[in-house]
Amino acid sequence: MTPAVELPPPDLPPLREVIARHGLSASKALGQNFLFDAQLLARIARVPGDLRDAEVLEVGPGPGGLTRALLAQGARVTAIERDRRCIPALAELEAAYPGRLRVIEGDATEIDARALFGGAPHIVSNLPYNVGTALLVGWLSAEWLPWWRSCTLMFQREVADRIVAPAGTDAYGRLAVLSQWRSTARIAMPVHRSAFTPPPKVMSAVVHLVPAEAPEAVKLATLERLTAAAFGQRRKMLRQSLRGVQGALEALEAEGIDPTRRAETVSVAEFVSLARRLDGAS
């Protein structure tokens with residue numbers, strides 16, 4: 001029977017030793033928080049499923065803790081790292097896993113990640129807190145079906161809750177609609193702040209997203225315009241918050257949605273129906 005995972009090279013030094021030898025410390029300016037717990041990192045690397053010979057994109061690997069776990073699962077990893085201090089430590093991993101790790105020094109917000117892959121990679125990252133949401137929005141806003149197979153991402157718990165929030169909850173908003181209208185999103189595991197070095201002030205969670213077929217006859221721009229207006233004044237009734245969106249009040253009536261409701265009560269499916277109605281009327 002083929003083993004489920006590959007074992008790391010026996011001579012790979014402990015991550016803490018690598019960090020000490022290279023004089024690394026987490027940069028607050030870059031939103032870094034390092035993870036050392038090998039068992040936790042292995043659990044995160046298993047969330048996407050079988051990664052043997054699968055392509056994986058990792059953003060912000062830092063000294064390579066999660067990178068090690070992904071490589072141990074048999075993945076072929078492309079890692080984008082902005083912090084040049086971490087490049088020598090990642091180079092050691094490249095040497096330990098010949099042909100399985102490609103390190104690109106640069107800013108992930110400025111790199112066309114799609115162009116780096118011939119197929120559709122999994123994205124697995126302990127994202128820097130200061131750019132995590134922006135990167136996710138960019139990946140979700142790509143053409144559909146997207147260029148990635150799944151996203152397994154570490155976020156602050158508050159952001160994670162906003163991604164998976166159902167309608168009718170305080171966390172439900174534009175990010176939930178954008179995440180859920182054409183993908184499935186779930187919290188794969190919570191991560192306590194004490195797992196990080198240095199520990200952040202907030203708890204974290206790993207979110208797993210899998211793309212699904214996009215609803216037909218709906219434009220992302222229309223959905224974004226609707227949700228921006230609705231949640232921009234989320235405490236107001238829809239008949240007030242959507243007044244500035246041409247045709248929105250008529251779409252509410254046509255879809256049988258009570259205009260006295262508030263945005264947080266409108267489901268993803270209802271927002272999609274409203275957007276489809278607007279796009280059909282344009």
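What you are looking at is a predicted structure, and each value in this text was computed from that prediction instead of being measured.
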Item to check | Point-to-point distance, once rounded to the nearest 0.5 Å, from CZ of R102 to OG1 of T78 | outcome: 3.5 Å
Checklist entry - Are L220 and F231 in one and the same hydrophobic cluster, where Ile, Leu, Val, Met, Phe, Trp and Tyr link if side-chain heavy atoms are under 4.5 Å apart? => result yes
Item to check | Pair L35-M154, side chain to side chain contact (heavy atoms under 4.5 Å, CB included): steps then yes or no | outcome: CA-CA 11 Å; L35 281 172; M154 180 88 73; 3.6 Å; yes
Checklist outcome for this item: Sequence neighbours excluded, the answer for ring pair (Phe, Tyr, Trp, His ring centres under 6.0 Å) partners of F196 is none
Checklist entry - Between Q180 and I163, what is the shortest heavy-atom contact and its length? => result NE2-O, 3.0 Å
Checklist entry - Quick one: does V77's side chain get under 4.5 Å of V124's, heavy atoms only? => result no
Checklist outcome for this item: Residues at least two apart in sequence or cross-chain that pass ring pair (Phe, Tyr, Trp, His ring centres under 6.0 Å) with F155, listed by chain then number, are none
Checklist entry - Side chain of E270, backbone of S267: donor and acceptor closer than 3.5 Å? => result yes
Checklist outcome for this item: So salt bridge (charged side-chain N to carboxylate O under 4.0 Å, His left out) across residues 119-130, not counting sequence neighbours, yields none
Checklist entry - Quick one: does V202's side chain get under 4.5 Å of E158's, heavy atoms only? => result no
Item to check | Test item: R276 side-chain N/O and P215 main-chain N/O as donor-acceptor pair under 3.5 Å | outcome: no
Checklist entry - Can you pull the side chain to side chain donor-acceptor pair (under 3.5 Å) pairs that have at least one residue in residues 221-247, sequence neighbours excluded? => result T222-D279, Q233-K236, R234-E264, R235-E264
Checklist entry - salt bridge (charged side-chain N to carboxylate O under 4.0 Å, His left out): which pairs involve residues 124-149, sequence neighbours left out? => result R114-E143
Checklist entry - Is it the case that R262 places NZ or CZ above or below the six-membered ring of Y172, under 6.0 angstrom from the centre and within 45 degrees of the axis? => result no
Checklist outcome for this item: Residues at least two apart in sequence or cross-chain that pass side chain to side chain donor-acceptor pair (under 3.5 Å) with R157, listed by chain then number, are D161
Item to check | Same apolar cluster: L93 and V18, side chain cutoff 4.5 Å | outcome: no
Item to check | Spacing of L178 atom CG and R162 atom CZ [to the nearest 0.5 Å] | outcome: 11.0 Å
Next on the checklist: Once rounded to the nearest 0.5 Å, what's the spacing between atom OG1 of T67 and atom OH of Y97?
Outcome noted: 10.5 Å
Checklist entry - Between CG of L153 and CG of L127, what distance do you get to the nearest 0.5 Å? => result 5.0 Å
Checklist entry - Out of curiosity, L116 CG to I80 CD1, how far, rounded to the nearest 0.5 Å? => result 5.5 Å
Next on the checklist: Counting C-beta onward and ignoring hydrogens, is there a side-chain heavy-atom pair between T152 and H208 closer than 4.5 Å?
Outcome noted: yes
Checklist entry - Do L249 and V272 share a hydrophobic cluster (ILVMFWY, side-chain heavy atoms under 4.5 Å, transitive)? => result yes
Next on the checklist: So which atom in L226 and which in A275 form the shortest heavy-atom distance, rounded to 0.1 Å?
Outcome noted: CD1-N, 3.5 Å
Checklist entry - Is R82 reaching over with its side chain to a backbone N or O of A108, donor-acceptor style, under 3.5 angstrom? => result no
Checklist outcome for this item: side chain to side chain contact (heavy atoms under 4.5 Å, CB included) filter on A214, not counting sequence neighbours, yields W144, R182
Item to check | Qualifying salt bridge (charged side-chain N to carboxylate O under 4.0 Å, His left out) pairs with a residue from residues 194-203, counting only residues at least two apart or across chains | outcome: none
Item to check | Heavy-atom closest contact (L238 atom, A230 atom, distance) | outcome: CD2-CB, 4.4 Å
Checklist entry - Are L40 and L12 co-members of a hydrophobic cluster defined by side-chain heavy atoms under 4.5 Å apart? => result yes
Item to check | N126 and I44, any side-chain heavy atoms less than 4.5 Å apart | outcome: no
Checklist entry - Going through the distances and angles, do L140 and S179 end up as a side chain to side chain contact (heavy atoms under 4.5 Å, CB included)? => result CA-CA 7 Å; L140 289 169; S179 301; 3.5 Å; yes
Checklist entry - Which pair of non-hydrogen atoms, one from S183 and one from P211, has the smallest distance, and what is that distance? => result CB-CA, 3.9 Å
Checklist outcome for this item: Between A229 and V245 the two heavy atoms that sit nearest each other are CB-CG2, 3.6 Å
Checklist entry - Passes side chain to side chain contact (heavy atoms under 4.5 Å, CB included), W148 versus W139? Steps please. => result CA-CA 8 Å; W148 44 270; W139 294 330; 3.6 Å; yes
Item to check | Same cluster (ILVMFWY, side-chain, under 4.5 Å), L135 and F117 | outcome: yes
Item to check | salt bridge (charged side-chain N to carboxylate O under 4.0 Å, His left out) involving R21 - partner list, sequence neighbours excluded | outcome: E92
Next on the checklist: Could you work out, with salt bridge (charged side-chain N to carboxylate O under 4.0 Å, His left out) as the rule, every residue matching E255, not counting sequence neighbours?
Outcome noted: R277
Next on the checklist: Less than 4.5 Å apart, side chain to side chain, heavy atoms only: is that true for R46 and Q73?
Outcome noted: yes
Side-chain donor-acceptor distances from residues 186-195 under 3.5 Å, at least two apart:
unit_1	atom_1	unit_2	atom_2	d
H192	ND1	S194	N	3.0
H192	ND1	S194	OG	2.9
R193	NE	P200	O	2.7
R193	NH2	P200	O	3.0

Checklist entry - Out of curiosity, T184 OG1 to L209 CG, how far, rounded to the nearest 0.5 Å? => result 7.0 Å
Checklist entry - Does the E81 side chain pair with the main chain of G62, one donor and one acceptor, at a distance under 3.5 Å? => result yes
Item to check | salt bridge (charged side-chain N to carboxylate O under 4.0 Å, His left out) against E105, all qualifying residues, sequence neighbours excluded | outcome: R84
Item to check | More than 12 heavy atoms of other groups within 6.0 Å of E213 CD | outcome: no
Checklist entry - Would L15 and I19 satisfy side chain to side chain contact (heavy atoms under 4.5 Å, CB included), going step by step from the backbone distance to the final call? => result CA-CA 6 Å; L15 187 61; I19 289 174; 4.2 Å; yes
Next on the checklist: Please find the pair of heavy atoms, one from P63 and one from A89, that lie closest to each other, and give the distance.
Outcome noted: O-CB, 4.1 Å
